[in-house]
Amino acid sequence: MEILFNAVGGFFVEVCKCICPNVENTTRFSSKLENLRKEMEKLTKFRDDIKKSVEGYEKKGYKPKLDVIQWIEDVHKLESEWETMQESIAVAKKLTYKCCPKCILGSEVSTQARIVQDQLFRLIEDRKSFGSNLVVENYHMKKVEFMPGPLIEGQSAATKNLHKIIQLLEDDKVCIIGVWGTRGVGKTTLVNNLDNELLKNDVSSFKLSFGVVLWVTVPKLPIDIRKVQTQIASRLNLKIDSEGNVKSIASKIYRRLEQEKSFLLILDDVWEPINLDDVGVPQLEDPARSKVIITSRSLDVCKQMKIDTEMKVYTLDEDESWKLFIKNAGDNVNLEHIQPLAKEIARECDGLPLAVTVIGASMRGKTRVELWEDALKSLRMSKPHNKDVKDKVYKVIKWSFDSLESQDIELSSEQRSNHVKKKRGDHIQSCFLYCSLYPVSISTDELISCWWAEEFLGEHDTYEEVYNRGITMIESLKDACLLETHNLDSVKMHDVVRDVAIWIAKSFGVEHNSAFQDGIGISSSVKRISFVSNKIQRLPDNVTECPETTTLLLQDNNSLLEIPHEFFLAFPALRVLNLSETGITSLPSSINSLYQLHALILKNCHWLTELPPINNLRNLLLLDCDNTRLHHLPQGMDKLTNLRLLNLPATDLEGIGREFFLNLSSIEMLNMMESKMMHPSTKFGVTLLGATSFDEISSLHNLTSLFIRLDSSSIFNRDHTWMSRLKRFRIEVGETPFHVPFNKSARTICISGSDIFRYGKLSGMLQFASHLYLQSCLGLRKLFVYNSFDGLKSLYIRSCSCSFNPAEEGSGTFDPLPNLEYLNLEFVYRLKSFSDFSQLLGLRFSKLRQLDMSNCSSLTCLFSVGDAFSIPKHLEEITITSCKQLVELFVECDSSLATLVKSETPRVRKLVLRNLPKLGNLGEPQSMWEHLEVLTSIRCNEIRKLPLSIQTSKSIKLIRGTSEWWSQLEWDGDKFKSNLEHCFRPLAI
């Protein structure tokens with residue numbers, strides 16, 4: 001390279017003397033410029049060689065010198081200047097050929113050439129100054145460092161997760177990724193394998209290349225930001241002052257990371273939110289080249305760190321769990337006398353990789369069956385069978401339990417006055433440990449009620465506030481992966497988490513000590529007893545007194561037929577008693593001795609016919625007798641003045657006395673949906689709640705939830721404004737033989753077999769409904785013409801017959817159902833079209849989104865287009881079933897289909913047609929089907945051709961029907977069918 005430097009230097013000394021064209025002849029001028037061009041090309045190539053060497057060093061983890069980077073940039077600039085000179089040089093050459101020695105342009109070119117010469121000379125000298133060493137001495141930083149850990153090769157679920165996280169890294173819109181899941185589920189293993197995958201592939205196989213990948217194992221609580229910064233600085237070979245403060249270190253880290261084109265920061269095992277600004281991480285920009293991955297056992301922590309997307313890591317299925325167990329335990333698990341026990345032990349791990357790995361490794365090489373039997377017994381008793389299992393599984397999960405202590409709870413005024421320093425952490429830990437009493441899934445409502453009865457949820461003015469706090473607790477436990485969603489209304493504990501919870505309860509004081517045996521040898525100090533689903537057939541006559549026991553769970557023991565007479569005397573402090581789904585027919589009188597009882601749960605005791613006196617249960621908050629067969633209300637029920645929740649839909653209840661409801665002054669939720677009272681004059685007759693009972697209920701000022709059945713007289717000539725304080729209700733008037741889905745959060749009224757509307761006898765209570773079901777009712781026109789129902793969201797009309805004459809004068813001037821979104825018409829006789837229904841009732845359906853019609857035997861068309869009542873403009877879903885006279889969906893009236901204003905044309909997204917043997921034409925109003933996404937056609941064989949807007953649709957996602965129907969369809973072009981072929985899903989009828 002020194003030869004090149006000398007040649008270039010000598011050349012430019014000569015050029016300096018003779019470059020000006022006004023003193024040199026034309027040949028001399030062109031020759032010098034040509035030489036300059038060649039030397040610029042050599043310098044550019046030399047620059048490229050230097051740059052390539054620097055990039056090679058960078059890939060090996062070396063950092064280029066700053067003056068080298070600057071020199072490369074300066075050569076780029078000089079190259080750009082030289083390029084911009086080319087046009088001026090070409091013009092100057094032409095002028096010199098014409099012998100123009102005094103040309104101003106020639107002088108300008110001469111001046112520019114001297115500038116290029118000077119800059120080139122300076123660059124040569126600068127290059128000499130940094131010699132042959134292009135990188136910082138003693139600086140070596142690999143782009144990706146190997147992270148030791150278990151491999152996921154052969155594990156399909158983990159491999160799928162790895163591919164998913166790589167896709168997220170390649171997404172320019174994603175900056176921060178939250179990977180979460182229960183302790184030991186494999187979050188760290190996943191990102192470990194990601195790190196090593198980046199190392200193995202040198203990121204060449206990925207769309208996104210990182211300048212550096214930083215791994216930080218976040219310290220346990222309380223998090224020390226300095227320790228996080230120290231790990232990042234060490235990885236970046238960045239020297240920091242041990243005495244420096246967090247801000248100054250953050251500034252250094254920030255400046256260093258700003259020098260990287262991109263980086264990936266992995267924060268592993270984050271227990272509480274970390275402010276990335278405090279650490280010194282630059283703000284991530286869009287499109288995101290730099291990324292942050294957070295692993296945490298808490299979804300809430302991820303959310304507080306403002307993640308762009310979250311990815312939950314789930315436990316293994318049974319097959320993968322078994323394969324991982326074999327890998328760790330060795331081939332001895334396949335021995336004939338070992339394998340059955342080994343599989344049971346693997347099942348006890350319930351797919352948790354940490355448990356499978358540790359427990360499997362602890363059994364490696366063991367061939368004696370006694371060792372496997374002992375390990376299985378220990379696991380089933382929720383005991384770690386050796387130190388490794390205790391330290392690596394149980395204590396790891398206990399960390400999650402301990403971290404709950406950091407969450408404070410607001411103290412009630414009484415607690416403050418008594419100087420009780422209770423924290424939310426203590427409550428939520430109690431809530432968590434309480435869940436371990438259930439071996440199977442737990443109803444959310446029941447769990448919250450038990451927590452409430454145990455006083456875990458603090459003091460609140462209303463049950464609704466209690467329930468809200470309970471939901472908050474459940475979500476916190478779910479976010480911490482200590483609870484899992486089972487279905488919409490229940491939660492469950494992972495088996496290993498439950499084992500750890502039981503171990504914690506037994507190992508750390510009597511406050512949470514629980515018993516799970518079959519009733520033998522219970523300690524007198526036990527706090528809670530669970531015999532749930534224990535196949536108990538009888539209870540002992542003599543039970544050791546348990547003065548500390550506050551919960552006794554006996555539910556789901558169908559063979560338990562009798563409770564010993566003095567059994568409950570042994571539990572004087574009991575707050576929660578659950579006997580649900582047992583075979584008992586009665587309760588002993590000793591239950592009246594449970595003065596502290598808060599919750600008595602007897603639901604689904606199908607053979608329970610009577611209760612003893614309960615007048616001493618004055619602290620009772622909840623009584624649940626759902627699906628029992630009580631004949632009489634128990635004596636002393638009028639003393640239950642603290643009762644807040646009463647669930648008493650017993651189908652055989654014979655009578656309710658006057659002023660019964662008045663005594664329930666604290667009641668907030670009253671459910672008597674299935675209650676039937678025997679009429680005094682007819683022993684086997686059935687009556688419903690009458691006017692007197694309903695009047696008493698209306699005086700319950702704390703009532704917010706009501707579920708009852710009434711006779712029609714209860715709703716006449718009464719002031720129902722009190723119902724405005726009900727937040728949810730379901731009121732059935734008369735018999736309701738058709739199925740109505742039960743929704744406890746809705747405001748539902750069902751009316752059956754009544755002509756209360758025929759003469760304008762409208763009950764004011766209908767004004768408060770959000771869902772209204774009408775069956776076999778007369779006078780529908782009177783109902784809607786003279787009243788407005790602003791709160792009604794859904795309307796169901798069944799087996800109603802109307803005379804569909806033209807609308808009365810003045811109808812349609814206002815919309816009686818301005819907010820109706822769903823309409824269901826079933827067995828509506830003499831109805832020829834939906835438009836006739838609109839005209840009859842004067843309805844505009846301005847917000848209707850979903851229309852269901854079925855078994856309307858006179859229906860011949862759906863909409864009459866062009867009349868005063870047009871198609872509802874917000875309609876999105878249409879379902880028509882078994883309307884066997886239906887011929888077409890749209891019929892033109894006096895005006896054309898083209899008169900539909902496009903802005904008023906509905907954008908139907910879903911069309912379902914079932915059992916419509918005469919329907920042959922879907923019709924094609926302007927833009928009606930342009931947005932259709934789902935089309936279902938079952939037993940509609942006369943539909944031989946789809947509208948052109950469906951054939952050419954780009955919105956359609958799914959078409960369902962029989963293969964025969966699909967094959968017989970006619971098309972306007974072969975390509976239309978082929979374009980939709982991938983959307984078709986055949987149905988077997």
Side-chain angles (χ1 to χ4, degrees), residues 380-382 430 433-434 436-440 446 449-450 453-455 502 505-507 509-605 607-625 628 634 636:
R380 285 178 171 169
M381 293 179 67
S382 304
S430 299
L433 294 176
Y434 199 93
S436 68
L437 299 173
Y438 298 81
V440 290
E446 182 180 314
S449 295
C450 292
E454 281 275 17
E455 300 180 351
I502 293 171
K506 289 180 178 179
S507 305
V510 298
E511 174 64 24
H512 304 293
N513 190 21
S514 304
F516 300 86
Q517 300 94 333
D518 59 2
I520 300 173
I522 296 176
S523 167
S524 61
S525 64
V526 71
K527 192 73 175 175
R528 296 175 186 90
I529 301 174
S530 174
F531 299 151
V532 178
S533 306
N534 238 325
K535 299 181 180 179
I536 295 174
Q537 296 185 1
R538 65 182 301 274
L539 296 170
D541 293 322
N542 298 314
V543 182
T544 303
E545 185 171 351
C546 301
E548 303 295 326
T549 302
T550 57
T551 288
L552 176 59
L553 304 182
L554 291 164
Q555 65 262 37
D556 195 23
N557 289 291
N558 294 314
S559 299
L560 180 60
L561 307 179
E562 186 179 3
I563 309 292
H565 180 67
E566 297 184 352
F567 181 78
F568 294 119
L569 296 177
F571 305 96
L574 210 58
R575 294 177 182 174
V576 177
L577 174 60
N578 194 333
L579 290 160
S580 301
E581 298 183 64
T582 57
I584 59 173
T585 57
S586 63
L587 288 177
S589 59
S590 60
I591 195 172
N592 205 28
S593 67
L594 301 178
Y595 301 104
Q596 302 302 316
L597 195 64
H598 289 168
L600 177 57
I601 306 172
L602 303 168
K603 62 183 180 181
N604 299 320
C605 292
W607 307 106
L608 182 62
T609 58
E610 60 179 328
L611 290 177
I614 56 174
N615 53 290
N616 287 333
L617 308 186
R618 300 190 181 193
N619 288 306
L620 199 64
L621 301 173
L622 164 66
L623 176 59
D624 188 349
C625 300
T628 61

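The basis for the numbers below is simple: all heavy atoms, side chains too, and nothing from hydrogens, waters or symmetry mates.
- Note that the CG atom of Leu579 and the CD1 atom of Ile584 stand 5.0 Å from one another [nearest 0.5 Å].
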side-chain contact (heavy atoms from CB on, under 4.5 Å) between Phe568 and Leu577, intermediate numbers included
CA-CA 10 Å; Phe568 294 119; Leu577 174 60; 3.5 Å; yes
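- The side-chain heavy atoms of Thr550 and Lys527, taken from C-beta on, include a pair separated by under 4.5 Å.
- For the pair Arg575 (side chain) and Ala453 (backbone), a donor-acceptor distance under 3.5 Å is absent.
- Residues His598 and Val576 are not in side-chain contact: their nearest non-hydrogen atoms beyond the backbone lie 4.5 Å or more apart.
- Between the CD atom in Glu581 and the CG atom in Asn558 there is a gap of 6.5 Å [rounded to 0.5 Å].
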Which is it for Asp624 and Glu446 under the side-chain contact (heavy atoms from CB on, under 4.5 Å) test, yes or no, and what are the steps along the way?
CA-CA 10 Å; Asp624 188 349; Glu446 182 180 314; over 6 Å; no
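- Nearest heavy atom pair, residue Ser589 against residue His565, reads OG-CE1, 3.2 Å.
- A heavy-atom distance below 4.5 Å is not found between the side chains of Leu587 and Ile614.
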Test log, rule side-chain contact (heavy atoms from CB on, under 4.5 Å), inputs Gln596 and Leu574
CA-CA 6 Å; Gln596 302 302 316; Leu574 210 58; over 6 Å; no
Test side-chain contact (heavy atoms from CB on, under 4.5 Å) on Ile529 and Phe571 and set out the steps.
CA-CA 11 Å; Ile529 301 174; Phe571 305 96; 3.8 Å; yes
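- The two residues Pro540 and Pro564 come nearest to each other via the heavy atoms O-CG, 3.6 Å.
- Side-chain N/O atoms of Asn534 and Asn557 include no donor and acceptor closer than 3.5 Å.
- For Glu545, the CD atom counts as densely surrounded, since its 6.0 Å shell holds more than 12 non-hydrogen atoms of other residues, nucleotides or ligands.
- For the pair Leu597 and Asn619, the minimum side-chain heavy-atom distance is 4.5 Å or more.
- Counting heavy atoms of neighbouring residues, nucleotides and ligands inside a 6.0 Å radius, atom CG of Asp541 exceeds 12 of them.
- A distance of 6.0 Å separates CG in Leu611 from CG in Leu602, rounded to the nearest 0.5 Å.
- At distances below 3.5 Å, not a single donor-acceptor pair connects side-chain atoms of Asn604 with backbone N or O atoms of Ser580.
- Looking at heavy atoms from C-beta onward, Gln555 lies out of side-chain contact with Ile601 at the 4.5 angstrom threshold.
- One distance of note links CG of Leu622 with CG of Leu600; it measures 8.0 Å at 0.5 Å rounding.
- Taking 4.5 Å as the limit, every side-chain heavy atom of Glu562 sits out of range of all side-chain heavy atoms of Phe567.
- In this structure, the side chains of Thr582 and Ile563 stay at 4.5 Å or more apart for every pair of heavy atoms.
- Atoms CG and CG, on Leu569 and Leu594 in that order, are 8.5 Å from each other to the nearest 0.5 Å.
- Minimum heavy-atom separation, Leu433 to Ala505: CD2-N, 4.4 Å.
- Ser436 OG to Arg528 CZ: the interatomic distance, rounded to the nearest 0.5 Å, is 9.0 Å.
- The two residues Ile536 and Arg538 make their nearest non-hydrogen contact at CG2-O, 3.4 Å.
- Looking at heavy atoms from C-beta onward, Tyr438 lies in side-chain contact with Leu553 at the 4.5 angstrom threshold.
- With hydrogens and angles ignored, the 3.5 Å screen pairs a side-chain donor or acceptor of Thr549 with a backbone N or O of Val526.
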